[in-house]
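Note that the structure is predicted; figures quoted are calculated from it, not measured.
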Amino acid sequence: MKKRFNAALYGCLAITMLSFSARSQTKAVLFDGYLVAGYVDHGAFVNCTGPSIKFSKKPYALLLGLLPSLRIKEDKVAPGATKNSMLTPNLGFGITAAFKHLALQLPFYYNAKTAVKNGKWNPGLGLGYKF
């Protein structure tokens with residue numbers, strides 16, 4: 001499944017990059033008005049796009065940058081053990097592609113090492129709206 005996800009990711013990136021012409025604009029932005037919700041690592045997230053590099057050609061846009069997020073995930077722990085909060089702030093990074101007001105996002109979030117699991121990066125998928 002991971003190989004399929006990587007192949008799909010690279011395919012989407014290649015198609016997106018080839019569809020932009022020399023007249024597209026590239027600029028750095030701090031906030032661009034996207035609100036995205038999605039799924040990652042057996043939980044959900046809600047985020048907005050933060051500092052990023054934006055490639056745009058009307059009506060398309062592609063952002064590569066940071067994603068300040070609110071993650072929603074219930075901890076699976078042994079009975080009697082303490083749990084983390086279900087809502088946690090998180091900072092991820094990823095790619096956001098937009099067509100007019102519709103946004104599709106491929107975020108990556110890091111889960112820190114615990115006593116039971118090693119830390120690792122988790123890919124996700126989100127759908128959102130550009131204001």
Side-chain angles (χ1 to χ4, degrees):
M1 181 166 164
K2 190 173 185 179
K3 288 183 182 180
R4 280 191 225 159
F5 180 79
N6 287 339
L9 175 64
Y10 293 136
C12 289
L13 284 173
I15 290 169
T16 304
M17 295 310 247
L18 291 173
S19 68
F20 285 104
S21 69
R23 294 184 186 175
S24 62
Q25 293 181 340
T26 303
K27 61 182 177 178
V29 294
L30 287 177
F31 179 76
D32 204 29
Y34 290 84
L35 185 60
V36 179
Y39 174 81
V40 65
D41 190 34
H42 307 292
F45 67 86
V46 176
N47 71 32
C48 56
T49 55
S52 58
I53 297 176
K54 179 180 179 181
F55 308 97
S56 64
K57 181 180 179 200
K58 298 280 183 184
Y60 301 100
L62 181 69
L63 287 87
L64 177 63
L66 300 176
L67 307 168
S69 307
L70 181 62
R71 288 192 56 191
I72 306 158
K73 182 179 176 186
E74 186 175 2
D75 270 352
K76 305 282 191 230
V77 296
T82 58
K83 289 184 176 184
N84 286 324
S85 174
M86 193 167 161
L87 298 173
T88 56
N90 205 317
L91 181 64
F93 76 94
I95 299 169
T96 305
F99 174 72
K100 296 187 180 182
H101 292 287
L102 180 66
L104 179 65
Q105 190 175 76
L106 295 171
F108 293 88
Y109 293 101
Y110 186 75
N111 284 350
K113 181 183 175 194
T114 65
V116 185
K117 290 183 176 181
N118 287 331
K120 69 175 191 171
W121 287 96
N122 296 294
L125 184 64
L127 189 62
Y129 185 79
K130 179 185 178 196
F131 293 95

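A continuous path of Ile, Leu, Val, Met, Phe, Trp and Tyr side chains, each step under 4.5 Å between heavy atoms, connects F108 with L66, placing both in one hydrophobic cluster. Both M86 and L70 belong to a common hydrophobic cluster when Ile, Leu, Val, Met, Phe, Trp and Tyr are linked at side-chain heavy-atom distances under 4.5 angstrom. Residue V46 is grouped with residue F131 when hydrophobic side chains (ILVMFWY) are merged at heavy-atom distances under 4.5 angstrom, including chains of intermediate members.
In terms of the salt bridge (Lys or Arg N to Asp or Glu O under 4.0 Å) criterion, K58 has no residue partners (sequence neighbours excluded). With sequence neighbours excluded, the residues forming a salt bridge (Lys or Arg N to Asp or Glu O under 4.0 Å) with K73 are D41, listed by chain and number.
Between F99 and P59, the shortest heavy-atom contact is CE1-CG, 3.4 Å. Contact detail for G65 and S52: the closest heavy-atom pair is CA-CB, 3.7 Å. In terms of heavy atoms, N90 sits closest to Y109 at OD1-CD2, 3.9 Å. Here the shortest heavy-atom pairing between S69 and N47 reads OG-CB, 3.1 Å. Minimum interatomic distance between G126 and F45 (heavy atoms only, all atoms of both residues): CA-CZ, 3.9 Å. Nearest heavy-atom pair, G119 versus Y110, reported as atom, atom and distance to 0.1 Å: CA-OH, 3.5 Å.
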Worksheet entry | Residues E74, K83; criterion side chain to side chain contact (heavy atoms under 4.5 Å, CB included); working and verdict | CA-CA 8 Å; E74 186 175 2; K83 289 184 176 184; 3.1 Å; yes
Worksheet entry | Stepwise side chain to side chain contact (heavy atoms under 4.5 Å, CB included) check, L62 with F55 | CA-CA 5 Å; L62 181 69; F55 308 97; 4.2 Å; yes
Item to complete: Determine, step by step, whether N111 and R71 satisfy the side chain to side chain contact (heavy atoms under 4.5 Å, CB included) criterion, reporting the C-alpha distance in whole Å, the side-chain angles of both residues, the deciding distance to 0.1 Å, and the verdict.
Response: CA-CA 11 Å; N111 284 350; R71 288 192 56 191; 3.0 Å; yes
Discussion item. Side chain to side chain contact (heavy atoms under 4.5 Å, CB included), that's the test. Do T49 and L67 meet it? Break it down for me.
Written reply: CA-CA 5 Å; T49 55; L67 307 168; 4.2 Å; yes
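Residue I53 qualifies as open at atom CD1: its count of foreign heavy atoms under 6.0 Å is 12 or below.
Using cut-offs of 30° and 60° on the angle between ring planes, the pair F93 and W121 is perpendicular.
Just one residue in the list I95, L125, T96 forms a side-chain contact (heavy atoms from CB on, under 4.5 Å) with L104, and that residue is L125.
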